[in-house]
Amino acid sequence: MPFARLLLVSALLAACAPAQQTARLASAPVTTPSDAVLAGVPAVRVVRPSLVVPGTPPELNASITVRYGPARPKTVLLLMPGFLGGAGSFDRLARQIVALRPDAAVWAVDRRSNLLEPQAQIAAAGPAELARIVQDGLPPRSKQSVSYMRDWGLDVTLRDWRVAVQEARRLTPDVFIGGHSMGGSLTGLYAAYDFGGLTGDGEAEGGAGREERGADDVRGLVMLDGAPGLLSNQPLTPQNYADGTEGVLGPLTGLKKLPEDPYVDAVYFGPKLASRAAAQARLAATQPNALAPADGLVGYPATNLAAAMVQLEQRYALLPFLTLKTGRATNAVEGNNLIAAVLGGKNSYWVAGQKDRSKPVGWQANPSAPTDPQDFVKRFWTPNSDFSEWYFPNRLTLDLAAVRQGTRGTPFEQELRVWHEVRLPALGVVAAEGVSSADEYRDYAALTGADMTVRILPGAAHLDITAARSDQVARWILDWMAGVKARQ
């Protein structure tokens, strides 16, 4: 299947989300916590020892969370980022939740691969060095040097997450998990997973035959424009799994080739491009109206803010699962973007250059758009976290294609232990112009027994779910969690 069609399938499947009750709520004026209040929410990055994976350097056997809110919370919500995403993608939403409910904490997850990123170089860089990084990127780690990533699949990802979940449970019984996009998929898989009595260091606890359901760890599930099935389109055979095959996002690297192709490095994303994006975001946050580096992310003179936002704005972005709505380019010559339209883009255009060649392309924020562009670039990179995961493990993509909705009766039953009915309260939030639907949530609920509630955020693209200036999503989550606790 051609790559363009594969990406179209991705856009159509990209956030499976079921539902038993659905509510489309009209936009209503709400009092959103001020920027000063959000900035005052405490946040700390915590790294804990996790599952020991043979061959992995010891310092990378880690469970990582960015923790917003009090050290002794009454409720903890642990959020898993999506495909190519990092803990920074939850910075605004996490702060909104804590600002509205100060006795609650949000722990945003970084996967262990985030430890491979040379974030200290981004942190130390001044404007001139940031401009150089935008142009050239930081040298990526060689694939041979990180061949141990071949083992960083679903089992490792869920067990790393569980280290944080179990720590949260020692603070409070009111623990919830959730995620955005593929993180929503991982949320459902965590609940259905059987952890088999393994502890954080990989040793058996209480006998290898003992079942340990992920669903028993948590009160409920929050799925933000994503649910199980996100990266699967057809059942895999053992040969597909070993040799590779076509997947939702293009070719799937098989088990045999993972040592030589351990992380995503595609035309639309890779470690070098991720470093360039982080540097451009820093420039856009501090010098939004200054000229972006020449020969950087765009091929025409543009301001730093325009160079950053044209990559993800729904009007211009290539991939529907990497979009938000903030405004539009000014002084821009636009053309119809037929490739983006084929891939599922909405009103898809591309910027060819400036109308007035004596001035750069700029950016005009739309006050009625869900997300504020200046706020977005400010949160894209922070000392605690990055919006993206530079080295995304191909093993995780392969495993997510294999598990589909469960592995009982499949060749992957023992290695990928997605065995159990969920039967938990679940909240699904759909971006009205994103990549999931209420029907997908409904299908998931029917399959797993989840008690599903759905909310639909009007006018929102996929990334607006976590980045929006409104605190509507935060209020939905808090109200739903309070209702779950009241019933238990």
Side-chain angles (χ1 to χ4, degrees), residues 4 7 11 127 130-137 267-269 273-381 387-388 431-435 459-464 467-469:
L7 287 175
L130 288 171
R132 187 199 66 76
I133 295 172
V134 170
Q135 292 168 326
D136 301 328
V267 65
Y268 60 88
F269 187 85
L273 182 56
S275 68
R276 297 173 68 198
Q280 183 63 72
R282 283 206 66 197
L283 289 172
T286 56
Q287 302 176 2
N289 297 318
L291 272 178
D295 301 318
L297 295 182
V298 295
Y300 45 81
T303 66
N304 279 319
L305 187 59
M309 296 313 305
V310 76
Q311 312 300 320
L312 297 175
E313 179 65 37
Q314 187 187 67
R315 183 177 180 86
Y316 309 110
L318 181 63
L319 302 175
F321 61 89
L322 293 176
T323 63
L324 42 64
K325 295 169 66 177
T326 72
R328 62 182 297 176
T330 59
N331 188 39
V333 176
E334 296 182 350
N336 291 325
N337 191 333
L338 298 180
I339 295 177
V342 168
L343 298 178
K346 302 177 185 297
N347 300 319
S348 300
Y349 298 88
W350 65 289
V351 176
Q354 319 109 280
K355 283 184 179 178
D356 180 348
R357 298 181 69 83
S358 68
K359 300 177 183 178
V361 171
W363 196 260
Q364 178 64 55
N366 178 357
S368 64
T371 297
D372 176 79
Q374 195 65 56
D375 183 81
F376 179 78
V377 294
K378 179 180 73 174
R379 299 181 193 282
F380 192 94
W381 185 93
F387 194 91
S388 60
E433 298 182 29
V435 294
H462 188 51
L463 300 182
D464 291 317
R469 64 185 94 203

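This chain uses plain numbering: 1 for the first residue, then up along the sequence. Predicted model only: the values in this text are computed from it and were never measured.
- At least one donor-acceptor pair under 3.5 Å links the side chain of Q374 to the backbone N or O of A284.
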(message) Test side-chain contact (heavy atoms from CB on, under 4.5 Å) on L297 and L273; report intermediate values, then the result.
(response) CA-CA 9 Å; L297 295 182; L273 182 56; 4.1 Å; yes
Listing, residues 289-296 side-chain donor-acceptor contacts under 3.5 Å, not counting sequence neighbours, or none:
none

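- In this view, L130 and A125, A279, R282, L283 satisfy the side-chain contact (heavy atoms from CB on, under 4.5 Å) rule, not counting sequence neighbours.
- Under the 4.5 Å side-chain criterion, counting only non-hydrogen atoms from C-beta, V361 is not in contact with V333.
- Among all heavy-atom pairs drawn from A307 and A302, the shortest one is N-CB, 4.4 Å.
- Heavy atoms only, all atoms of each residue included: V351 and A329 are closest at CG2-CB, 4.2 Å.
- Within the structure, side chain to side chain donor-acceptor pair (under 3.5 Å) contacts touching residues 325-335 (residues at least two apart or in different chains) are E313-T326, R315-E334, Y316-E334, K325-E433, T326-W363, R328-E334.
- A side chain to side chain donor-acceptor pair (under 3.5 Å) check over residues 296-305, counting only residues at least two apart or in different chains, returns the pairs Q280-N304.
- With sequence neighbours excluded, the residues satisfying salt bridge (charged side-chain N to carboxylate O under 4.0 Å, His left out) with R379 are D91, D375.
- Of all the heavy atoms in T286 and P288, the pair that sits closest is C-CD, 3.5 Å.
- We find the CG-CD distance between L322 and Q314 to be 12.5 Å, quoted to the nearest 0.5 Å.
- Of all non-hydrogen atoms in A278 and W381, the two that sit nearest each other are CB-CD1, 4.2 Å.
- For S275, the side-chain contact (heavy atoms from CB on, under 4.5 Å) criterion is met by I133, L138, W390, not counting sequence neighbours.
- Contact check for M309 versus L324: side-chain heavy atoms found under the 4.5 Å cut-off.
- Atoms CG and CZ, from L463 and F376 in turn, are 6.0 Å apart once rounded to the nearest 0.5 Å.
- Minimum heavy-atom separation, V298 to Q311: CG1-NE2, 3.6 Å.
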